[in-house]
Amino acid sequence: MIAVVDIITGVMLVVGALFAFVASLGLIRLKDVYMRMHAASKAGTLGSGLMLLALAVYALDLAVATRAIAGVVFFLLTAPIAAHLLAKAAYAAGYRPCADTKKDALEEVVRPKS
Amino acid sequence: MTPAVIDDTTLLAVLAPFAAAVVAPTLTRWLKHNAAWVLAIVPALVFFHFAGFVLPVSEGKTFVAAKAWAPSYGVNFSVYVDGLSTLFALLISGIGTFIILYAGGYLKGHPQQGRFFSFLFLFMGAMLGLVLGNNLISLFIFWELTSVTSFLLIGFDHLREASRRAAIQALVVTGGGGLFLLAGFILIISATGEIEMSTLLASPDIIKDSGLYLPILLLVLGGAFTKSAQFPFHFWLPNAMEAPTPVSAFLHSATMVKAGVYLLMRMHPLLGDTVLWMTILPLFGGITLIVGTLLAVRQTDLKLMLAYTTVASLGLLVMLTGTSHEKALEGAVLYLLAHSLFKGALFMVAGTIDHEAGTRDVTKLGGLRSAMPVTFVAACLAGLSMAGLPPFIGFVAKEVLYYGTWGWFEFGLILTVTAVVGNALMLVIGAAVAVKPFFGPRIETLKHAHEGPVLLIAGPVVLSMTGLALGLLAHTTGVLFVGPTLSSLVGSFTQVDVHLWPTKINAPLILSLITIGTGIALFTQLDRLRATIAHVLQVIGWGPDKGFDQFVSGIVRFSSRLTRFVQAGSMQTYMIITFIFVGLTVLVPGYLANSWPAMPKVPDYRFYEWGIFVIAVLGLIAVLVSKTRLTAIVSLGIQGFAVALIFMMFGAPDLSFTQFMVETLSVVILALVMTRLDLLPQDHRSTGSAVFTGLIAISVGLGLSLTLLAITQQPFDTRLSDFFTEYSRAIAHGRNIVNVILVDFRGFDTLGEIAVVALAGLCVLALIRVKTKPEKSEDNARQTQSAEAG
Amino acid sequence: MRTIIFRTIAPYLSALMVLFSVFVLLRGHNEPGGGFIGGLIAASALAIFGIACGVASVRRAIVFHPMAISAFGLFIGALAGIPSFFFSQTFMTSQWLIFHLGDVEVALSTPLVFDIGVYLVVVGSISSIALALEEREAD
Amino acid sequence: MAGSSVSVDYSVAMATAPVAAADWLVVAPSLITILGGALCLMLRKNTDLQPKLGVGFLALLVIANFGLLIRVLDHGVVTMVMGSWLPPFGIAFTVDALSATLSLIGSIVAFCAGIYATVTVDSTGRRYGFYPFLLLLMTGVCGAFLTGDIFNLYVWFEVLLIASYGLLVLGNDRIQLDGAVKYGVLNLIGTNLFLIATGLLYGIFGTLNMADIAIKVAALENPASGTLATVAALYFLAFAMKAAAFPVNFWLPASYHTPNVVVSAVFAGLLTKVGVYALIRVFVMLLPASRGYMADVIALVAIATLLTGALGALAQSEMRRLLGYLVIAGIGSMLAGVAVGTTLAISGAIFYAVHSIIVMTALYMASGIMNLMGGSYNLRELGGLYQRSAVFGGIFLILGFAVSGLPPFSGFWPKIMLVDAAFEDGRSWLAAAILFSGFLTTLAIGRVWVYAFWRGGPEGTPDGQTVVVSGSETAQLTGASVWLPLGILTALVVYFGLQPEWMLQLSTRGASGVVEPLGYLRSVFGDQ
Amino acid sequence: METGVVILIGLFFSVAVYLMLSKQLVRMLLGIAILGNAVNLLIFTNGRLTREVPPLIPSDLYTPDVAIANPLPQALVLTAIVISFSFFAFLLVLAFRAYQELGADDVNQMRIAEPEHDQTPPQGY
Amino acid sequence: MTGLFLINILLAITWAAITGSFSEINLVFGFVLGTMGLYLIREQVGTVAYFSRFGKAIGLALVFISELILSAWRVALIVIRPKMDLEPGIIAYPLTVDRDFEITMLANLITLTPGTLSVDVSEDRKTLYVHCIDVPDPQATIDDIKNAFERKILEVFR
Amino acid sequence: MSPFEFFASEFLDWAVNFALGILSISFVMIVYRIFKGPGLPDRVVALDALVTVGIGFIAAIGVNTGYYLYIDIAITLGLVGFLATVAFARFVLNRGLAGDETIMAEVEESIARREAGQ
Ligand code: NA
Ligand code: NA
């Protein structure tokens with residue numbers, strides 16, 4: 001039983017860590033801030049969420065588990081909002097997406113060519 | 001012989017004037033100038049009290065009385081009654097009585113007459129305390145008190161700049177001298193362990209043997225010379241004539257200026273009769289005598305003439321005291337007595353003339369004898385005494401002092417010549433003051449002169465009469481006053497035989513005749529003499545009086561330069577200097593104590609732990625190199641984050657918990673604040689200053705690391721933490737030891753801490769909410785200046 | 001930040017955080033946490049609330065002026081040390097009142113009161129600072 | 001969860017003996033000020049109530065401190081261990097004559113300031129927490145004087161520092177903000193140095209209780225060497241900054257003239273003296289060997305401080321800045337006492353501290369009145385005040401002579417004690433510096449007197465005439481609120497001058513208490 | 001165990017001081033923030049370091065059965081963190097207001113309390 | 001009101017969850033705290049719609065978690081791909097839902113799902129501007145969202 | 001213990017250290033982004049990522065030490081991390097609209113980049 005838990009925990013940790021790593025990699029490799037947000041707010045959140053759950057599993061304790069889940073839910077609530085606010089702010093401040101971004105529906109709303 | 005202990009009435013006698021000072025203003029408000037009559041009773045009573053000591057003292061008895069004042073520091077309020085102190089006490093209270101009366105008439109109708117009275121009384125009390133003082137500290141206290149009161153009296157007419165200047169001058173010179181005296185006294189106390197004058201006098205060689213004789217002597221002389229206006233400190237005294245005449249008559253002729261002489265005489269048994277003493281005193285005294293008389297001749301203002309002769313007389317007294325020669329000392333005592341009487345009288349005469357005729361310029365005065373007969377008589381008597389003519393006490397004094405100087409081994413001649421010249425010139429002044437205004441054709445003055453009221457006449461008449469009486473009763477004078485005083489000076493019971501008429505033709509008599517002759521001769525040539533001296537002074541063009549102003553403005557200018565240098569006003573400079581000292585503090589002691597740590601071995605951190613360190617370092621670098629404040633703020637988050645991880649990795653969850661919160665909130669608040677700030681994006685630092693500040697920074701970090709490392713290499717006493725661990729749950733019911741420490745074991749710290757938090761909140765509120773007032777115009781000016789500066 | 005998305009969700013987040021902060025406060029004596037951290041969490045909650053829905057609504061929500069709350073915290077923090085006076089013990093000697101409600105054991109103690117004081121002080125002061133700064137931006 | 005089930009011997013961990021109610025006087029100052037401050041803060045917006053509450057609690061504080069002093073004089077050193085935790089584990093407040101005296105004098109000064117402030121602090125100032133700030137400042141001051149725990153001392157330092165920030169910026173004039181920046185940053189560095197030193201000290205000895213530290217230091221075979229030397233030096237630097245010793249006193253002249261004059265008055269009286277107290281407590285009692293080791297340095301600093309202070313005063317034309325430098329000069333005298341370190345010297349320093357607390361506060365209050373009467377703080381613009389009020393002139397002159405160390409006022413006695421001690425220690429230069437600084441101070445005060453009081457009016461007033469300056473807020477001069485506090489303080493100055501015995505005994509007792517701290521140690525650890 | 005942290009602390013102090021010696025108020029404040037961390041780490045390290053064992057007592061014991069990290073310095077640091085945070089917040093807002101009212105964040109240009117061209121003291125009597 | 005009550009219950013359960021004890025007393029305590037929490041935000045909770053169908057809500061949650069994992073996976077693939085040729089873009093998504101709560105829900109879901117990130121909502125609340133990390137065909141993405149989420153949300157809240 | 005259990009615990013140890021290692025590498029990468037920018041939003045995103053990854057790190061430490069209390073720290077960290085991001089977003093917005101010189105410079109840069117076809 002303990003052994004199984006250990007294995008599961010280990011796997012979750014590794015996978016979570018890899019997701020986190022991917023997120024940071026995306027942060028480096030992706031071209032503009034908007035794309036980087038994708039990496040951070042998704043892979044990152046999933047990764048750390050997984051690892052938190054790993055701790056919950058490892059604890060084998062309802063209290064811990066429930067708390068961990070509550071935590072994860074909390075991240076799932078906050079992460080997108082953070083990303084959204086930042087993207088909105090960046091765009092409103094005038095930061096342009098990279099050149100590859102062909103379609104920009106917001107362009108004419110925020111900066112109408114008058 | 002040991003002094004007899006007497007009851008406290010003498011102490012009360014010293015305090016009486018202070019009481020009078022308290023009531024004086026009220027009394028004056030009721031009785032106007034006639035309050036003088038009532039107030040004069042106080043010094044009169046004091047006079048009679050001390051008169052009671054004359055006979056026993058003349059039999060060689062001495063008395064002490066004491067009240068504990070600050071016993072833990074051995075300070076008593078104590079008096080020592082012997083010949084010297086009795087004589088002075090009588091002069092102070094006696095002359096004081098008539099000064100009070102005189103002041104009553106002189107400042108009649110003056111709005112602050114009451115205040116004037118109380119200043120006078122304050123001074124009187126201080127002076128009594130000084131001359132009777134037995135305890136060195138209390139003596140000094142009264143000494144300084146005389147300086148302070150004289151400051152107030154000189155500046156009494158404070159709206160005039162001259163008065164203010166004179167007052168400051170007197171305060172600086174005499175007060176400054178007082179500091180020397182204090183140092184001297186404290187040295188005496190720590191050298192001898194004695195604090196009472198009487199006990200010191202009981203063993204006269206105690207100071208000379210202490211090995212500190214030289215510094216003590218110099219320091220005491222520093223006090224005495226400044227107080228008694230010895231050259232080159234004489235300049236403040238004539239300026240002090242800015243004070244109303246009663247003050248000049250009382251403080252600056254009869255009493256205060258003699259405090260220095262008193263001190264020299266008092267300490268003669270302790271400090272005198274040494275080569276040093278017999279060199280310094282005669283030298284300075286002699287110079288002062290000559291300079292004083294010459295300057296006096298140069299003057300035309302009655303008061304100034306008298307003032308300079310006072311300087312001269314003080315010089316003469318110091319010179320005589322400096323001989324440590326019994327006969328000369330006897331002369332000094334006699335002259336002291338004589339001078340107080342005639343000078344007091346003459347000052348009051350001068351004041352009366354000024355008061356009645358409206359001028360003190362001797363050249364504008366003449367033929368007043370018919371208008372002011374009584375004053376005239378008093379003036380003559382006093383003047384003759386000053387001129388040293390028989391049958392006045394002044395004559396007797398001169399005889400004896402010539403006798404003394406003539407007999408003072410090899411330097412006797414020089415001294416005698418000095419004395420003769422001085423006395424001759426003094427005679428000139430005496431004549432000029434006492435005779436010139438009254439004889440000759442009547443010169444009309446702006447006020448039509450006529451005899452002054454009783455209050456103004458009483459003083460001069462009585463004092464000059466006393467001068468005559470003491471001369472006629474020379475023998476009694478000798479027995480009652482001179483002998484006992486001399487005993488105090490030589491430190492053993494001495495009797496003198498003073499007589500008015502010389503028994504045989506001897507050196508002193510001849511010298512007197514020479515003096516008189518020269519004097520009269522000079523008097524006829526007064527105007528030419530005056531012109532010559534004036535010319536000489538013009539050629540010199542500088543005097544200590546001018547020097548004083550240069551000293552004051554000099555020290556002020558210097559201080560303002562120094563202050564601008566050390567308090568430059570630039571925050572960055574402040575920081576740099578401060579941190580230079582921090583660097584020194586953390587490096588130097590370690591170097592001196594050689595407490596550097598042993599070479600540490602590489603710690604066995606795990607891979608990810610190194611990772612955390614790397615992040616921390618990167619975070620720090622990020623803050624350093626960040627071009628803009630925004631980057632800097634974000635980077636600030638990194639190192640804070642790393643610190644939190646470090647706490648976690650070393651088993652401090654609460655810390656990393658708090659650190660995470662606090663760090664993020666700091667960043668948040670920074671962001672909130674920064675939303676409004678537009679700041680320079682760059683940290684402008686020239687390479688030079690970057691290197692310089694960098695070195696300071698590194699030295700601070702290095703020093704602290706080394707110290708910390710050295711400490712952590714030592715074994716550690718975990719007693720406290722063991723205790724907390726032991727009882728955290730067992731007694732304090734908490735499993736989180738850190739939290740238990742915070743709320744229980746060391747809860748009081750936390751109470752203070754939350755006080756800080758609450759106050760911080762309030763501070764920020766006060767900062768943000770209170771609107772800044774539109775600043776004053778000069779602030780505007782400064783603002784623009786600082787803008788130019790920037 | 002006038003955006004529907006944020007404004008809609010923020011109040012619930014704040015409520016959640018306040019709840020959580022109380023939890024952190026109460027368990028502080030036995031697990032990491034305590035008044036200070038709890039206070040900080042609550043303060044951040046209010047800050048988010050303020051950023052999303054405006055300072056005015058926060059001020060209305062907490063009824064009292066934050067500094068008054070902070071002062072009250074300080075007040076009871078100091079008071080918590082006094083009961084020992086009546087048992088002729090020294091200042092801040094902890095007093096415990098332990099009783100059982102159902103299956104859980106409830107421990108009321110002066111340290112707990114003290115910790116609550118800490119909590120209130122931190123909430124009050126920090127949120128006061130945050131709100132004051134917010135307001136400046138609003139205007 | 002509770003430990004009721006396990007059996008522990010409480011007596012090995014806690015002081016189980018019942019505590020006399022009178023011993024609570026030890027914490028009374030802290031409690032009164034904290035509760036009072038908190039209450040004032042809660043009722044912040046009731047600006048009429050603020051002064052009543054504030055002054056009321058300050059009066060309580062004075063009474064409590066007086067009781068505490070009496071208690072100490074009767075029973076010797078009094079110790080209370082917070083939470084009953086045995087020393088050195090819990091925080092101990094250990095009160096000896098030194099602590100109690102300074103705490104009492106400090107609270108008297110604060111009380112006077114509280115009254116004075118009813119006039120000079122407007123409703124905005126009250127609304128934004130003048131009285132809470134003042135009361136909690138006193139929490140810090142009294143706590144610092146009374147605590148027997150080095151880290152706790154740090155906490156009280158911070159409390160009084162943040163409170164002083166609040167008072168400093170209250171009103172938000174531009175000049176205040178400028179002063180506050182310099183004051184704020186430099187003082188923060190000072191307290192951080194203090195904290196660093198304390199951390200290192202803990203690293204060395206593993207304890208925080210002062211008595212415990214004293215014992216452990218005494219046990220070392222070479223107490224002035226090793227890392228302890230660095231720690232001592234750090235403490236010296238930190239407290240020297242707090243005490244505004246040259247050359248780390250930039251913050252004082254940069255800020256003391258900027259806030260409301262009553263705030264300057266409180267600062268001048270209290271802040272630097274806390275630094276001096278800490279210096280005495282830590283250097284004379286905890287690290288005597290290090291003090292001896294550093295005596296020459298301290299003496300040098302003392303001389304420099306004495307002279308730069310007095311000269312600085314001569315260089316000023318602004319009254320409050322002038323007084324700021326006089327504060328510094330006074331610090332020099334106290335440092336001289338620490339440099340010499342004999343019982344006489346320390347008692348001189350203590351007496352001087354008491355004197356300085358009273359007289360500097362009074363002088364700042366006086367300068368405030370000068371401003372009200374003459375409409376300025378600038379000596380060039382002042383004049384004719386002696387005409388306006390001879391009584392005020394007298395008060396100023398008394399205070400001026402007192403600060404110059406002239407008899408028969410409070411400044412004289414400590415001065416002769418210090419000079420005496422310096423001579424006996426063979427430090428004639430130190431003695432000379434004390435005397436010369438006193439001389440310069442006399443000159444500075446004399447100038448103030450001549451310009452502001454004797455001169456008929458502002459600079460340029462024709463000789464012998466008076467120009468009446470339209471005294472701006474003369475209305476505020478009617479009524480006791482301004483005069484009463486000044487009167488009380490001046491009375492104390494005169495009293496300690498004419499009747500020094502009591503204070504002499506107190507300071508001597510305080511001094512011997514730190515020079516031979518046996519009584520202190522006994523009261524913490526019992527007879528061991 | 002301590003060595004690495006000690007070196008890091010030295011670095012923290014150096015960086016803090018370097019920033020505080022800037023004439024820009026904001027950088028000075030960043031320095032103060034870092035200084036706070038440096039001091040906290042210093043106190044923490046003075047209590048000696050133990051890896052990963054927090055000073056908590058398991059719910060089934062009355063005293064921990066393993067060697068735990070030294071709790072006292074943690075409590076002290078906690079206090080210190082709070083205090084330095086409060087001061088940081090104050091100084092930050094102070095800097096902000098100073099900047100608003102004095103129009104400068106260059107501390108050398110803050111010359112109202114001690115003006116560049118200060119009045120010379122009066123002369124004469 | 002029932003909505004409020006539901007949320008309060010939810011808070012109570014959350015409390016039980018984080019404290020890890022579902023004992024009655026603790027739930028009651030949690031409910032009380034929850035009430036206090038709601039009192040704090042009393043002004044803002046007016047607009048709340050309550051979940052009519054719990055089952056659907058759970059369904060939604062499940063969909064959403066799977067989508068999250070999927071999106072994370074996609075991003076992962078994108079990021080670790082040696083050379084990335086992406087066509088990012090910001091598209092205007094026409095909203096059908098109109099209640100704040102629903103819009104928020106949708107926006108968050110969108111952000112947490114494959115390659116899309118809600119940037120802004122138009123003033124008239126008719127369009128949601130979405131940044132896509134790779135949109136060769138915007139309309140496809142829009143349809144995806146419509147079918148994947150908006151329908152489900154409508155099912156849950158209406 | 002049985003070989004399987006032994007393997008399991010061995011695996012867990014390895015997994016934990018692996019995770020922690022990976023995460024510290026990610027930290028460094030994220031910090032690099034904070035250095036590099038180019039814009040403030042990029043840095044903020046990175047900071048947010050730092051916090052997110054930190055949460056994972058904490059969880060891993062929790063498993064490593066067996067102290068579950070770390071969960072609460074993680075939760076709190078997520079909370080304040082969110083707050084920080086929000087604050088910065090707001091900062092970017094306000095300063096951007098206020099035409100802050102630094103931000104405007106960055107914006108110009110981004111436009112330039114877009115026009116340069118990067
Ligand atoms: Na996040
Ligand atoms: Na998405």
Side-chain angles (χ1 to χ4, degrees), chain B residues 70 72-73 141 144 155 158-161 164 168 171-172 175-176 179 183 186-187 190 556 559-560 562-563 566-567 571 574 578 581 585-586 589-590 593 595 707 710-711 716-717 719-720 723 727 729-731 733 744-749 752 755-756 759-760 762-763 766-767 770 772-773 775, chain D residues 2-3 6 8 13 82-83 85 89 91 124 128-129 136 152 155-156 158-159 162-163 165-166 169-170 172 174 182 200 203-204 206-207 225-227 229-230 233-234 237 248 250 253 308 311-312 314-315 406-408 419-420 423-424 435 439 442 446 450 454 456 463-464 500-501 504-505 508:
Chain B
S72 347
Y73 197 64
I141 290 174
E144 286 296 66
H158 56 85
L159 290 180
R160 294 182 41 254
E161 182 169 356
R164 300 196 293 265
I168 278 281
L171 183 69
V172 168
L179 296 177
I186 290 177
L187 266 188
S190 55
V556 168
S559 63
S560 88
L562 178 80
T563 310
V566 295
Q567 188 71 25
M571 178 68 172
Y574 297 166
T578 307
F581 278 97
T585 311
V586 291
S595 62
T707 316
I711 289 174
F716 182 63
D717 177 355
R719 183 148 136 266
L720 265 59
F723 178 92
Y727 299 108
R729 185 170 192 188
I731 298 183
H733 308 312
D744 197 340
F745 290 119
R746 293 187 65 86
F748 212 18
D749 282 345
V756 171
L759 283 169
L762 187 55
C763 286
L767 265 175
V770 181
T772 299
K773 294 186 221 70
E775 75 274 5
Chain D
V6 75
V8 279
M82 306 307 161
W85 300 106
F89 308 109
I91 291 174
T124 327
Y128 288 97
L136 288 162
N152 194 243
V155 171
W156 299 126
E158 294 287 31
V159 172
I162 189 86
Y165 285 172
V169 298
L170 210 53
N172 278 344
R174 302 168 63 247
K182 292 161 185 173
L200 295 172
I204 295 173
T207 183
S225 77
T227 48
T230 312
L234 270 170
L237 181 59
V248 284
F250 309 106
T308 48
L311 287 169
L314 270 174
L406 290 177
V419 172
D420 190 351
F423 273 134
E424 280 176 359
L435 291 171
F439 170 75
T442 319
V450 159
W454 266 354
D463 196 23
E501 182 54 19
L504 277 171
Q505 281 175 6
T508 313

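Every chain is numbered from 1 and lettered A, B, ... according to where its sequence line falls, protein lines coming before strand lines.
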Distance-only, no hydrogens or angles: does the D:N172 side chain make a donor-acceptor pair with backbone N or O of B:V770 under 3.5 Å?
-> yes
For D:L170, is it the side chain, the backbone, both, or neither that has a heavy atom closer than 4.5 Å to a heavy atom of chain B?
-> side chain
Name the member of D:V248, D:V155, D:I162 that forms the most heavy-atom pairs with chain B at distances under 4.5 Å.
-> D:I162
Could you look at B:I141 and say if it's the side chain, the backbone, both or neither that has a heavy atom under 4.5 Å from chain D?
-> both
Heavy-atom contact with chain B under 4.5 Å, split by part of D:T124 = side chain
Nearest non-hydrogen partners of B:L159 and D:D463, listed with the distance | O-OD1, 3.2 Å
Of all of B:D717, B:I711, B:L179, which one pairs up most often with chain D through heavy atoms under 4.5 Å apart?
-> B:I711
Taking all non-hydrogen atoms of both residues, which atom of B:L562 and which atom of D:T308 are closest, and how far apart?
-> CD2-CG2, 4.4 Å
Examine whether an atom of D:F439 lies under 4.5 Å from a heavy atom of chain B, and if so say whether it belongs to the side chain, the backbone or both; otherwise answer neither.
-> both
Which answer fits D:V169, side chain, backbone, both or neither, if we ask what part of it has an atom under 4.5 Å from a heavy atom of chain B?
-> side chain
How far does CG of B:L759 sit from OH of D:Y165, to the nearest 0.5 angstrom?
-> 12.5 Å
Parallel under 30°, tilted from 30 to 60°, perpendicular over 60°: which one fits the rings of D:W454 and B:H158?
-> parallel
Distance-only donor-acceptor check, side chains D:E501 and B:Y73, under 3.5 Å | no
Pairs of heavy atoms under 4.5 Å with chain D: top-ranked of B:G175, B:A755, B:A593, B:G747 | B:A593
B:R160 side-chain N/O to D:G464 backbone N/O, donor-acceptor pair under 3.5 Å = no
Taking all atoms of both residues into account, what is the closest heavy-atom pair of D:A233 and B:P589, and its distance?
-> CB-CG, 3.5 Å
Under a 4.5 Å heavy-atom cut-off, does chain B meet the side chain of D:E158, its backbone, both or neither?
-> both
Region of D:L234 in contact with chain B, defined by heavy-atom distances below 4.5 Å | both
Tightest non-hydrogen contact, residues D:T227 and B:A710, listed as CG2-CB, 3.6 Å
Turns out that what part of D:I204 lies under 4.5 Å from chain B's heavy atoms comes down to both
Is chain D contacted by the side chain of B:F716, its backbone, both, or neither, given a heavy-atom distance below 4.5 Å?
-> side chain
Tell me, out of B:E144, B:R719, B:Q567, who's got the most heavy-atom pairs with chain D below 4.5 Å.
-> B:Q567
Report the option among D:G312, D:P253, D:P408, D:G456 that has the most heavy-atom pairs separated by less than 4.5 Å from atoms of chain B.
-> D:P253
Check whether B:I168 gets within reach of chain D through its side chain, its backbone, both or neither, counting any heavy atom under 4.5 Å.
-> side chain
Whether B:F723 and B:F745 hold their rings parallel, tilted or perpendicular, with breakpoints at 30° and 60° = perpendicular
